[in-house]
Amino acid sequence: MDYKSGLIQDGNPLENLEKQLICPICLEMFTKPVVILPCQHNLCRKCANDIFQAANPYWTNRGGSMSMSGGRFRCPSCRHEVIMDRHGVYGLQRNLLVENIIDIYKQECSRPLQKGGHPMCKEHEDEKINIYCLTCETPTCSMCKVFGAHKACEVAPLQSVFQGQKTELSNCISMLVAGNDRMQTIITQLEDSSRVTKENSHQAKEQLSRKFDMLYAILDEKKSELLQRITQEQEEKLSFIEALTQQYREQLDKSTKLVETAIQSLDEPGGAIFLLSAKQLIKSIVEASKGCQLGKTEQGFENMDYFTLDLEHIADTLRAIDFGTDEEEEEYNEEEDQEEEESTEGKEEGHQ
């Protein structure tokens with residue numbers, strides 16, 4: 001009897017037990033199971049003997065003379081090495097508990113189904129649910145089809161509908177799994193897109209920062225250059241003013257001393273003595289009066305207005321800075337190059 005197929009068809013809860021009673025070598029239920037010490041796994045005695053003979057080809061069968069005192073082989077379930085005595089596989093202990101469980105299992109599977117082992121009809125308590133009403137889309141029993149609520153309905157064998165619904169559900173699962181795989185692929189692509197977007201944004205920010213840093217450097221360099229020119233002009237004018245001031249101070253000192261000398265001469269009572277120095281004194285005073293003709297600063301000498309910058313057009317250009325395509329930048333660069341060439345040609349013609 002095919003116990004496994006009957007178990008699955010009826011939904012018997014002993015299905016899990018059956019899996020534990022399968023030999024890992026022949027994949028059938030244990031026959032005379034023996035326990036392998038010390039790993040405690042079970043094998044059919046015949047399967048264990050086949051493995052032992054293959055691992056020990058020079059070990060004779062039980063009926064022949066022993067050419068070796070024992071042998072060894074590996075458990076097929078856990079690969080644990082098992083050392084045998086001179087009796088070989090026949091020295092292994094039979095697992096009587098497993099044999100008893102197999103006997104009970106076979107007896108349970110060979111019994112006719114009880115009421116509790118299969119869904120029963122609510123209307124007819126002694127009838128199993130064994131057909132499927134296609135009209136009402138519900139499982140029912142034969143009595144309901146003949147005498148009950150489903151006598152005018154179209155019905156089909158329960159097993160055929162069961163297999164069809166099971167196949168349809170399996171297809172739906174496959175379709176849903178495929179859809180999940182596609183969604184996971186899309187999620188992975190979106191995550192990759194997010195990562196690449198962040199990386200590209202970081203690179204764009206770095207490039208923009210470098211370009212503005214370059215502009216700042218150019219502005220700082222130009223600012224230092226222009227400030228230096230103003231400072232140079234300031235130093236030249238201040239140097240000229242200080243030199244001119246020094247000349248006037250020297251002339252003022254001479255004039256002051258000459259006035260004092262002239263006043264002292266006026267106090268001289270003797271005419272002869274006065275006349276000896278008066279003529280030369282008058283001549284010195286006349287020459288000293290010409291000191292007012294020293295150099296002077298021109299009107300507006302202090303003015304520094306010619307160092308004023310008109311940066312409005314540059315400010316407008318800076319305000320107009322925006323992101324553009326490469327084609328626009330190339331066109332802009334070509335226009336600048338053309339303007340520079342025309343300016344250079346104009347200067348050369350002017351020199352000629």
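Treat the numbers as computed from the prediction; the structure is a model and nothing was measured.
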Contacts of Phe301 meeting ring pair (Phe, Tyr, Trp, His ring centres under 6.0 Å) (sequence neighbours excluded), chain-then-number -> Phe240

When every non-hydrogen atom of His80 is compared with those of Cys39, the smallest separation belongs to CB-CB, 4.3 Å

Rounding to 0.5 Å, atoms OG (Ser194) and CD (Glu199) come to a distance of 10.0 Å

| message | Does any part of the side chain of Tyr306, heavy atoms only, come nearer than 4.5 Å to the side chain of Met304, both counted from C-beta? | response | yes

Evaluate whether atom CD of Gln299 has more than 12 neighbouring non-hydrogen atoms of other residues, nucleotides or ligands under 6.0 angstrom away. no

Is the shortest heavy-atom distance from the side chain of Cys153 to the side chain of Leu134 under 4.5 Å? no

For this session: Decide if atom CD of Glu298 counts as having more than 12 heavy atoms of other residues, nucleotides or ligands within a radius under 6.0 Å.
Result: no

dist Lys257:NZ -> Leu252:CG (nearest 0.5 Å) comes out at 11.0 Å

Asp103 meets the salt bridge (Lys or Arg N to Asp or Glu O under 4.0 Å) criterion, sequence neighbours left out, with none

- [ ] Return yes when atom CZ of Arg229 has more than 12 non-hydrogen atoms of other residues, nucleotides or ligands closer than 6.0 Å, and no otherwise.
- [x] no

- Minimum side-chain heavy-atom gap Ile186-Leu190 below 4.5 Å: yes

The reported gap from CD in Gln280 to OG1 in Thr261 (rounded to nearest 0.5 angstrom) is 12.0 Å

Is atom CD of Glu123 surrounded by more than 12 heavy atoms (other residues, nucleotides or ligands) closer than 6.0 Å? no

Worksheet item: Can you check whether Gln189 reaches Ser193 side chain to side chain, under 4.5 Å on heavy atoms?
Response: no

Are Leu311 and Leu219 linked, directly or through intermediate hydrophobic residues, by side-chain heavy-atom contacts shorter than 4.5 Å (ILVMFWY only)?
no

Glu168 meets the side-chain contact (heavy atoms from CB on, under 4.5 Å) criterion, sequence neighbours left out, with Gln165, Cys172

query = Is the closest side-chain heavy-atom distance between Glu302 and Lys237 below 4.5 Å?
reply = no

### 4.5 Å side-chain heavy-atom contact, Tyr132 and His150
no

Are any non-hydrogen side-chain atoms of Val259 and Ile285 less than 4.5 angstrom apart?
-> no

Can you confirm whether Met29 sits close enough to Ile22 that some side-chain heavy atom of one is under 4.5 Å from a side-chain heavy atom of the other? yes

Is Glu221 atom CD crowded by more than 12 heavy atoms from other residues, nucleotides or ligands, each under 6.0 Å away? no

* Inspect the surroundings of CD in Glu154 and state if more than 12 heavy atoms from other residues, nucleotides or ligands are less than 6.0 Å away. => no

